Each structure stands twice: as C-alpha cells, then as structure tokens.
S.K.: 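I'd like to ask you about the structure that follows.
Heavy atoms only: backbone and side chains are in, while hydrogens, waters and symmetry mates are out. No experiment lies behind these values; they were computed from the predicted model shown. We count ligands from 1, going down the list as the structure has it; atoms in each ligand are counted the same way.
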Amino acid sequence: MEKDIAQVLISQQQLQERIEALAREVMAEYGDKKPVFVGVLKGVVVFYTDFIRAFRAPCQMDFMWVSSYSGTQSTGKMLVRQDVTEDLKGRHVVILEDIFDTGNSLNFVYQHLLTKEPASIKICTLLDKPARRAPHVTLKADFVGFEVPDLFVVGYGLDYNEYYRNLPYVGVLKPEVYQ
Ligand code: IMP
Ligand code: MG
C-alpha cells in the first residue's frame, strides 16, 4: 500500500493540528447552536471521527450516501443511496465532506438538504481542490482544512477503487497505479 504512494502531501501531524484548529473555528460559530453534522459517505469517515471529537460542544451526527448515476461524474447526475435519519427542520446543519472537487456531489447534497427546511446550512470540507470546480457550481466552502493542487490524492478516507482509505495521511498515488 505505502509503496504505491509517490509523495505524502499532508502528514498525520499536519492533519491532526489543522483539524483541531478547524473544529475550534466551527465551535466559535456553532458552540451554542447544537448543530447536526451531516457527513457525506464514505470518504468523510476518517475526517469525521477526528473532527467530531475535537468539537467540544453539543452536536448530533448524521450521514448521507450519494453517488453519480452509472459512475459518470461528468453528467453531474446524482442519486441518494442513503438519506439522513434526523429531522433537520429548523436545525443548524453543517455538511462535512472529504474533498470539494468538481462540486457536483456537494451541490447535490446541499440542494437535497435544503428541502428539509433547516435553519441554516454551511459546508466544512477537509480538502478543497478549486482548480477542478465545475463552471455551474457557485457554492463555496465555509470552512476548509487544506487547499490542494490538482492531483489525485488518497488516504485519510479518500480512496482509489475503494482502497487506500486507511492510510493515516493524505498522499499522491504513483501514476503507474492508475494508468
Ligand atoms: P466532486 O467532484 O466534488 O463531486 O467530488 C466527488 C467525490 O469524488 C468526492 O467526495 C471524493 O469522494 C471523490 N474525489 C474527488 N477527488 C478525489 C481525489 O483526488 N481522490 C480521491 N477521491 C476524490
Ligand atoms: Mg466524498
């Protein structure tokens, strides 16, 4: 697994320190709002569990699982595979995501959650890859862990063909692995 990594982009320690700081930023705004953190499965799981333990105020956990039709992300057509289970009406929702890439999935999740009439919705993403944003996506992330260059990254929840999610850092895959 480690032999397939060309470069460690964000180390375990950098992740730990930044997520503590990120949780403090979110706490400054949501400390008294009892937010619901909606994680977008599956990539967010590792970030989510670290983030939630660094957020030291009352909050609730929920999850959504979405995917694109027939695996073609370019169409931007998405489908809800598993919806949230909490009643979000009147609640302060913060979407937690692993990476804000084209933005198609976040856009879809955001629109979907709006229909549940929350009091507010904001977006907190561990990684932001602004160079890849689709032209029609006007959504902005409210809280960002790290901005990353236009490279395919794995680890800390992010996968390639469902593997590498368990790497404790964010790394760049060697091109020969996916070529
Ligand atoms: P979107 O293109 O912003 O809709 O991102 C969709 C999903 O693709 C993300 O939530 C990730 O799960 C995945 N993804 C995007 N970029 C990468 C990457 O560099 N490595 C691994 N997964 C990625
Ligand atoms: Mg994801």
S.K.: Ignoring hydrogens, just give me the one of Ser68, Gly103, Ser105 whose non-hydrogen atom is nearest atom 6 (C) of ligand 1.
M.R.: Ser105

S.K.: Between Asp98 and ligand 1, which part of the residue brings a heavy atom under 4.0 Å of the ligand: side chain, backbone, both or neither?
M.R.: side chain

S.K.: Report yes or no: is the cationic atom of Arg133 (NZ for Lys, CZ for Arg) closer than 6.0 Å to the six-membered ring centre of Phe100, at no more than 45° off its axis?
M.R.: yes

S.K.: Counting from 1, what ligand 1 atoms have a heavy atom of Glu97 closer than 4.0 Å?
M.R.: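 Those atoms are 10 (O).
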
S.K.: Hey, is the main chain of Asp128 close enough, under 3.5 Å, to the side chain of Thr125 for a donor-acceptor pair?
M.R.: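 Side chain of Thr125 to backbone of Asp128: no pair is present.
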
S.K.: Side chain, backbone, both or neither: which part of Val153 has a heavy atom under 4.0 Å from ligand 1?
M.R.: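 Both of them.
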
S.K.: Quick check: does any side chain N or O of Arg91 sit under 3.5 Å from a backbone N or O of Asp87, one acting as donor and the other as acceptor?
M.R.: no

S.K.: For atom 23 (C) of ligand 1, which candidate among Asp101, Val66, Ile99 provides the closest heavy atom?
M.R.: Ile99

S.K.: Within ligand 1, which atoms have a heavy atom of Thr102 less than 4.0 Å away?
M.R.: 1 (P), 2 (O), 3 (O), 4 (O)

S.K.: Using atom types as modelled and distance alone, determine if a side-chain donor or acceptor of Gln14 lies under 3.5 Å from a backbone N or O of Ser11.
M.R.: yes

S.K.: Indicate whether the side chain of Tyr30 and that of Glu25 have a donor and an acceptor atom separated by less than 3.5 Å.
M.R.: no

S.K.: Does some non-hydrogen atom of Lys129 fall short of 4.0 Å from ligand 1?
M.R.: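 Under 4.0 Å: yes for Lys129.
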
S.K.: Measure the acute angle between the ring planes of Phe37 and Phe51, then classify it against the limits of 30° and 60° as parallel, tilted or perpendicular.
M.R.: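 Ring orientation, 0 to 90° scale: perpendicular.
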
S.K.: With the threshold set at under 4.0 angstrom, would you say Leu151 reaches ligand 1 through any of its heavy atoms?
M.R.: yes

